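Below you'll find the structure, written out as structure tokens, and then a few comments.
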Amino acid sequence: FGTGGYFSTPVAEILPVSMELRREHRKLMSAVVVALDRSGSMSICVDDGRQKMDLANQGTVSVLDLMVPGDRIGVIAVDSQAHIVVPMTEVGDGKADIAHKIKSIQSMGGGIFVFEALNHASQMLMNVSAGTRHIILFADAADSEEPGEYIALLKKLRELGITVSVIGLGTERDHDANLLKDIAARGGGNIYFTNSAVELPQLFSQEVLAVFKNAFLE
């Protein structure tokens with residue numbers, strides 16, 4: 001149910017099981033970097049008054065919530081440059097402080113520069129020792145720019161055992177959707193599209209639970 005996207009939903013509340021990842025059920029620690037598009041388009045509000053950026057931030061916090069002590073998280077906000085919001089940090093008792101930093105990300109700048117996002121995220125993971133090292137790239141499917149030498153970079157990441165998934169805000173028919181699909185394919189990860197920003201927290205949870213499945217004890 002967790003990997004199906006039901007974590008933190010009304011369905012989860014009524015099920016007689018828990019969807020949290022308990023440390024005693026995990027054998028490998030994980031390191032995840034979330035690279036968030038903070039371009040101007042993320043300032044648009046949805047029906048309930050929240051900005052798209054707020055929902056992407058909430059999705060990132062849901063990734064943090066599913067981590068256990070010993071896991072590591074890093075968060076980057078990206079427009080034409082990459083801005084480190086949370087350096088690679090071991091998850092422990094300081095989740096509230098990390099969550100506060102994530103929730104403070106605001107939309108500004110132009111479109112997301114894809115290579116900047118992937119390059120900085122990969123640098124944060126290069127020297128981290130973890131059983132699973134993963135990048136989640138969140139980007140506007142209609143405004144993802146400057147992919148640069150992403151093919152060579154993703155090839156290097158795969159050789160190092162680092163995977164990349166993409167959450168695209170938009171549809172598969174948008175201008176940059178094929179680029180985002182190619183990044184996920186070359187990165188050995190998953191690809192998600194949604195035209196509704198309200199679904200972002202659910203997709204972030206679904207993705208990180210899918211990644212953490214690799215660390216489960218049989």
Side-chain angles (χ1 to χ4, degrees), residues 2-3 5 7-9 19-21 30-39 41-44 46 50-69 71-79 81-92 94-109 112 114 116-118 120-122 124-125 128 130 132-141 144 162-170 180 183-184 187 189-194 196-212:
T3 53
F7 181 76
S8 294
T9 67
M19 295 189 192
E20 291 88 357
L21 303 181
S30 302
V32 176
V33 175
V34 182
L36 294 172
D37 180 350
R38 73 163 196 179
S39 60
S41 62
M42 294 302 149
S43 64
I44 298 172
V46 298
R50 289 178 293 175
Q51 292 186 358
K52 293 178 178 180
M53 192 78 253
D54 296 330
L55 290 156
N57 293 346
Q58 184 181 333
T60 307
V61 171
S62 71
V63 173
L64 173 66
D65 288 341
L66 286 164
M67 292 182 137
V68 298
D71 286 339
R72 293 177 179 271
I73 188 171
V75 181
I76 303 171
V78 187
D79 41 49
Q81 300 180 56
H83 310 271
I84 297 178
V85 178
V86 179
M88 186 58 65
T89 302
E90 185 171 332
V91 174
K95 277 190 176 183
D97 291 336
I98 299 173
H100 178 73
K101 291 179 181 178
I102 295 169
K103 291 176 182 177
S104 70
I105 300 173
Q106 297 182 355
S107 170
M108 59 185 71
I112 178 174
V114 171
E116 282 287 313
L118 294 174
H120 279 77
S122 63
M124 293 177 73
L125 286 171
V128 174
T132 299
R133 294 184 293 172
H134 188 65
I135 296 169
I136 300 174
L137 172 66
F138 166 68
D140 189 332
S144 297
I162 298 173
T163 51
V164 181
S165 289
V166 180
I167 298 174
L169 186 57
L180 299 183
I183 290 171
N190 303 308
I191 179 71
Y192 308 84
F193 288 103
T194 180
S196 173
V198 176
E199 295 180 354
L200 289 175
Q202 183 178 340
L203 290 179
F204 275 85
S205 297
Q206 184 176 347
E207 164 58 14
V208 78
L209 283 167
V211 171
F212 288 169

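Only a predicted model underlies this, so the values are computations on that prediction, with no experimental measurement involved.
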Within the structure provided, determine whether [X] and [Y] are in side-chain contact (heavy-atom separation under 4.5 Å).
X    : Y    : answer
L137 : I112 : yes
Y192 : Q206 : yes
T60  : F138 : no
E207 : I136 : yes
V32  : M67  : yes
M53  : L55  : no

Which pair of non-hydrogen atoms, one from [X] and one from [Y], has the smallest distance, and what is that distance?
X    : Y    : answer
S62  : P201 : OG-O, 3.6 Å
L180 : A141 : CD1-CA, 3.8 Å
Q51  : S107 : OE1-CB, 4.5 Å
R50  : V198 : NH2-CG1, 4.5 Å
A99  : L64  : N-CD2, 3.8 Å
F204 : G59  : CB-O, 3.2 Å

Check V33, V78, I135, I76 against H120 for a side chain to side chain contact (heavy atoms under 4.5 Å, CB included) and give me the one that passes.
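Filter result, single survivor: I76.
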Given N57, L169, L36, D54, the one that forms side chain to side chain contact (heavy atoms under 4.5 Å, CB included) with M42:
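Single side chain to side chain contact (heavy atoms under 4.5 Å, CB included) partner of M42 among N57, L169, L36, D54: L169.
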Looking at E90, I want to see if its CD is surrounded by more than 12 non-hydrogen atoms of other residues, nucleotides or ligands under 6.0 Å.
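More than 12 within 6.0 Å, yes.
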Euclidean distance, [Y] [atom2] relative to [X] [atom1], rounded to 0.5 Å:
X    : Y    : atom1 : atom2 : answer
D65  : S205 : CG    : OG    : 8.0 Å
M124 : M88  : CE    : CE    : 5.0 Å
K101 : T89  : NZ    : OG1   : 6.5 Å

Would you say S30 and H134 are linked by a side-chain donor-acceptor pair, where the criterion is simply a distance under 3.5 Å?
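The criterion, which ignores hydrogens and geometry beyond distance, is not satisfied for S30 and H134.
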Apply the test side-chain contact (heavy atoms from CB on, under 4.5 Å) to residues V63 and V75: give CA-CA distance (whole Å), side-chain angles for both, the deciding distance (0.1 Å), then the verdict.
CA-CA 11 Å; V63 173; V75 181; over 6 Å; no
Would a distance-only check, ignoring hydrogens and angles, find a side-chain to backbone donor-acceptor pair under 3.5 Å from [X] to [Y]?
X    : Y    : answer
S196 : T194 : no
R38  : A77  : no
D37  : D140 : yes
T163 : G187 : no

